[in-house]
There are 2 protein chains.
Amino acid sequence: MLLIELYLTTNLDLTPVKKNNQINCNDCGIHDLCLPALLADVDISNLDSIIQRSSRSINKGFHIFNTGDSFQYIYAVRSGAFKSYVNSYSGEEQIFSFHLPGELIGLDAIYSNIHCSSAVALEESQICRIPYEFLDENSVGSEGLKSQVMKLLSKEITEDQQLLMQLGQMKAKEKMAALLINLSIRYEARNLPHDLFTLPMSRGEIANYLGLTIETVSRVFRELKGYGFIKIKGKKIVLKDIPALKHLAGIFVSNNPNENAIK
Amino acid sequence: MLLIELYLTTNLDLTPVKKNNQINCNDCGIHDLCLPALLADVDISNLDSIIQRSSRSINKGFHIFNTGDSFQYIYAVRSGAFKSYVNSYSGEEQIFSFHLPGELIGLDAIYSNIHCSSAVALEESQICRIPYEFLDENSVGSEGLKSQVMKLLSKEITEDQQLLMQLGQMKAKEKMAALLINLSIRYEARNLPHDLFTLPMSRGEIANYLGLTIETVSRVFRELKGYGFIKIKGKKIVLKDIPALKHLAGIFVSNNPNENAIK
DNA sequence: CGGCGGATTTGACTTATATCAACATAATGA
DNA sequence: TCATTATGTTGATATAAGTCAAATCCGCCG
């Protein structure tokens with residue numbers, strides 16, 4: 001496989017990637033969850049020369065892009081977590097997505113070539129990125145890549161719609177259960193414990209994301225703990241009764257949907 | 001320009017398009033708002049042989065696709081209006097989009113090749129459609145088309161995120177003002193009166209879309225009428241004070257954002 | 001280690017919006 | 001046309017979640 005030495009030259013705090021400590025996509029721990037897994041039709045060795053990896057981690061609070069930035073890269077989370085948010089006209093922040101390892105960030109800018117959201121690290125994180133040009137209509141050899149990115153875009157729409165549904169008609173308790181189950185499923189997909197993890201976001205970020213207040217988030221956690229559905233201490237959470245949480249979230253589980261019913 | 005006689009052969013109530021009553025994209029009234037406008041790089045004459053037009057209108061209540069249907073076409077609204085919705089596990093409907101003329105429907109299915117939403121006509125409508133194959137990764141000559149659809153997908157994500165913001169933190173009055181302004185902008189884009197139009201959707205559909213109840217929608221209309229911001233009778237609405245509505249929706253208008261302030 | 005500041009929890013109270021119920025109006029169809 | 005049904009309005013009341021305020025917890029830094 002051909003490996004090309006890359007010198008990254010952006011505002012990101014990335015050091016040049018050296019030949020000898022370079023990891024290729026095939027060796028990456030989240031290979032199956034990231035772009036390569038979606039690129040069956042594309043020559044992966046070629047992809048490896050396109051994808052740029054950060055050699056050192058990104059600090060909590062570091063913005064990988066801001067609203068108004070020109071579209072230069074698509075990012076993939078290698079480790080850690082990010083949030084995407086937009087600012088309303090009145091300046092308030094609205095989080096619309098949390099990004100876990102193996103997930104992509106920045107696709108919103110394809111439309112206007114300008115990012116209309118900001119993305120920031122919620123904790124010590126590592127990322128990979130692909131120059132935007134490889135998705136550009138004039139680029140060659142990226143046919144399969146473009147199709148896959150279209151699928152990802154489409155998937156993102158589907159996910160946004162699910163969130164819309166949650167925000168639109170669900171009660172606080174249901175929204176929170178839905179978030180926990182959603183995180184659980186995503187952690188499971190990367191082969192991490194799905195019933196015991198550390199929430200990468202603060203209570204305030206959960207509240208913002210779900211359209212609630214911090215106090216309500218706190219109270220609902222207490223209530224779910226009271227039911228024995230979860231154990232929570234700070235950001236460490238254990239999902240003790242996933243079927244009950246799924247039921248709360250409106251996800252059909254048992255044959256008798258009333259048997260776990262809680263007012 | 002080459003025009004090809006097309007026989008449409010689906011579950012849609014479309015009659016064969018005859019040569020002599022066929023309209024091509026260049027002649028279409030919403031040409032500037034639809035796919036052709038986004039396809040500067042693509043040979044439009046070729047597109048005209050791809051796009052299929054309905055010769056008769058679609059009745060209110062007709063579904064152009066349902067959840068679970070395989071992905072066969074991308075649709076463009078020629079006249080009328082549609083809504084897209086998903087059903088929750090418990091069976092309730094959640095509307096996430098209204099589609100006005102010149103807008104596309106069905107892009108959500110690119111990810112899984114199966115529609116995960118349903119689309120239904122809100123009134124007597126006409127549509128065009130493009131077979132999905134022309135976006136398929138194996139298709140030739142659709143490079144520009146694919147790039148444009150990617151942009152549309154990206155745009156849709158941006159729009160969904162705006163709606164998310166609305167649902168998440170806005171009050172009922174603000175949500176409704178935002179919807180009215182949004183419709184106004186979209187009508188303006190198709191060169192229709194932007195301050196006087198007929199709402200294509202029912203009060204119940206507005207309520208569902210905004211995460212409110214029918215009663216609240218009705219009451220907020222009355223309140224906005226009381227302020228003199230709108231005139232409304234049934235589905236006919238006049239936006240009498242667009243700056244005030246924009247201000248309510250949180251869109252910055254004047255230099256002194258407090259001067260229109262209403263509790 | 002100890003203290004400072006931000007994050008979280010908890011309680012008391014308020015309020016926006018939902019719910020329930022009755023009525024009015026508009027659309028539909030024989 | 002009128003009867004019938006769907007859709008929209010209005011009022012009274014209930015409640016989920018927000019607001020305000022105080023207490024507690026926790027991480028961080030000298």
Side-chain angles (χ1 to χ4, degrees), chain A residues 59-61 83 92-95 120 122-124 166-180 198-227 230-237 248 250 262-263, chain B residues 59-61 81 83 92-95 120-124 166-180 198-227 230-237 248 250 262-263:
Chain A
N59 287 328
K60 174 175 177 170
K83 68 175 174 185
E92 299 132 56
E93 170 177 323
Q94 171 65 49
I95 299 165
V120 63
L122 296 173
E123 59 189 45
E124 205 81 355
Q166 288 173 25
L167 286 177
Q169 7 204 251
M170 290 171 100
K171 300 268 165 62
K173 208 188 306 178
E174 298 163 354
K175 290 179 184 180
M176 301 240 334
L179 173 61
L180 294 180
T198 300
L199 295 167
M201 70 296 277
S202 71
R203 301 291 190 271
E205 284 160 341
I206 293 173
N208 181 294
Y209 177 72
L210 295 176
L212 302 170
T213 58
I214 291 179
E215 293 93 326
T216 300
V217 168
S218 182
R219 277 186 261 264
V220 170
F221 271 143
R222 178 158 48 112
E223 196 182 349
L224 294 178
K225 193 157 63 173
Y227 292 142
I230 62 171
K231 249 169 70 178
I232 187 163
K233 182 101 200 295
K235 295 192 168 173
K236 299 214 184 305
I237 189 166
L248 257 186
I262 283 177
K263 167 75 185 89
Chain B
N59 288 328
K60 174 175 177 172
K83 69 174 174 184
E92 299 131 57
E93 170 178 322
Q94 171 64 49
I95 299 166
V120 63
L122 295 173
E123 59 189 46
E124 205 82 355
Q166 288 173 24
L167 286 177
Q169 6 204 251
M170 291 170 102
K171 300 269 165 63
K173 208 188 306 177
E174 299 164 354
K175 290 179 184 180
M176 300 231 349
L179 173 61
L180 294 179
T198 300
L199 295 167
M201 71 296 280
S202 71
R203 301 291 190 271
E205 283 159 343
I206 293 173
N208 180 295
Y209 177 71
L210 295 176
L212 302 170
T213 58
I214 292 178
E215 293 94 325
T216 299
V217 168
S218 181
R219 278 186 261 262
V220 170
F221 272 142
R222 178 157 48 113
E223 197 182 350
L224 295 178
K225 193 157 65 175
Y227 292 142
I230 62 171
K231 249 169 71 178
I232 187 164
K233 182 102 199 295
K235 295 192 167 172
K236 301 213 182 305
I237 189 166
L248 256 188
I262 284 177
K263 164 75 187 104

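Order of the sequence lines fixes the chain letters, A, B, ..., with proteins taken first and strands second; residue numbering starts at 1 for each chain.
- One interatomic measurement links the two molecules: CD of A:Glu123 to P of D:dG27, which rounds to 15 Å at whole-angstrom precision.
- For B:Glu215, counting side-chain heavy atoms from C-beta on, the closest listed nucleotide (C:dT9, C:dA18, C:dC20) is C:dC20.
- Annotation: side chain of B:Leu224 is in contact with side chain of B:Leu180 (closest heavy-atom distance under 4.5 Å).
- Between the CD atom of A:Glu124 and the P atom of D:dG27 there is a distance of 17 Å, rounded to whole Å.
- Listed pair A:Thr216 / D:dA17 fails the phosphate criterion, with no side-chain N or O lying under 4.0 Å from OP1 or OP2.
- Computed from coordinates, the A:Lys235 NZ to D:dC26 P distance equals 13 Å when rounded to whole Å.
- For a distance-only test at 3.5 Å, the side chain of B:Arg222 fails to qualify as a donor-acceptor partner of the base of D:dG8.
- Of the candidates C:dT9, D:dG8, C:dA16, C:dT9 carries the atom nearest the A:Ile214 side chain, counting heavy atoms from C-beta on.
- The CZ-P distance, from A:Phe221 to D:dA17, rounds to 15 Å in whole Å.
- Using a 4.5 Å heavy-atom cutoff, the side chains of A:Leu122 and A:Glu205 are in contact.
- Atoms CD1 (A:Ile232) and P (D:dC26) sit 12 Å apart, rounded to a whole Å.
- Taking atom CZ of residue A:Arg203 and atom P of nucleotide C:dT10, one finds them 10 Å apart after rounding to whole Å.
- A donor-acceptor pair is defined here as one N or O able to donate and one able to accept, closer than 3.5 Å; such a pair exists between the side chain of A:Arg203 and the backbone of A:Gly234.
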Audit row: A:Met176, A:Leu212, side-chain contact (heavy atoms from CB on, under 4.5 Å) steps and yes/no: CA-CA 10 Å; A:Met176 301 240 334; A:Leu212 302 170; 4.2 Å; yes
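- As a whole-Å value, the separation of B:Glu174 CD from D:dG18 P is 14 Å.
- By the 4.0 Å N-to-carboxylate-O rule, B:Lys83 lies close enough to B:Glu93 to be salt-bridged with it.
- You'll find a donor-acceptor pair under 3.5 Å spanning the side chain of B:Arg219 and the base of D:dG11, going by distance alone.
- Between A:Lys233 and D:dC25 there is no side-chain polar atom (N or O) within less than 4.0 angstrom of OP1 or OP2.
- Summarising the geometry, the separation between NZ on A:Lys60 and C1' on C:dA7 is reported as 10 Å, rounded to the nearest angstrom.
- Both B:Ser202 and A:Gly234 lie near DNA chain D, and the one whose nearest nucleotide falls closer to the 5' end is B:Ser202.
- The residue B:Leu212 sits close only to the backbone: its heavy atoms come under 4.0 Å of sugar-phosphate atoms, none of a base.
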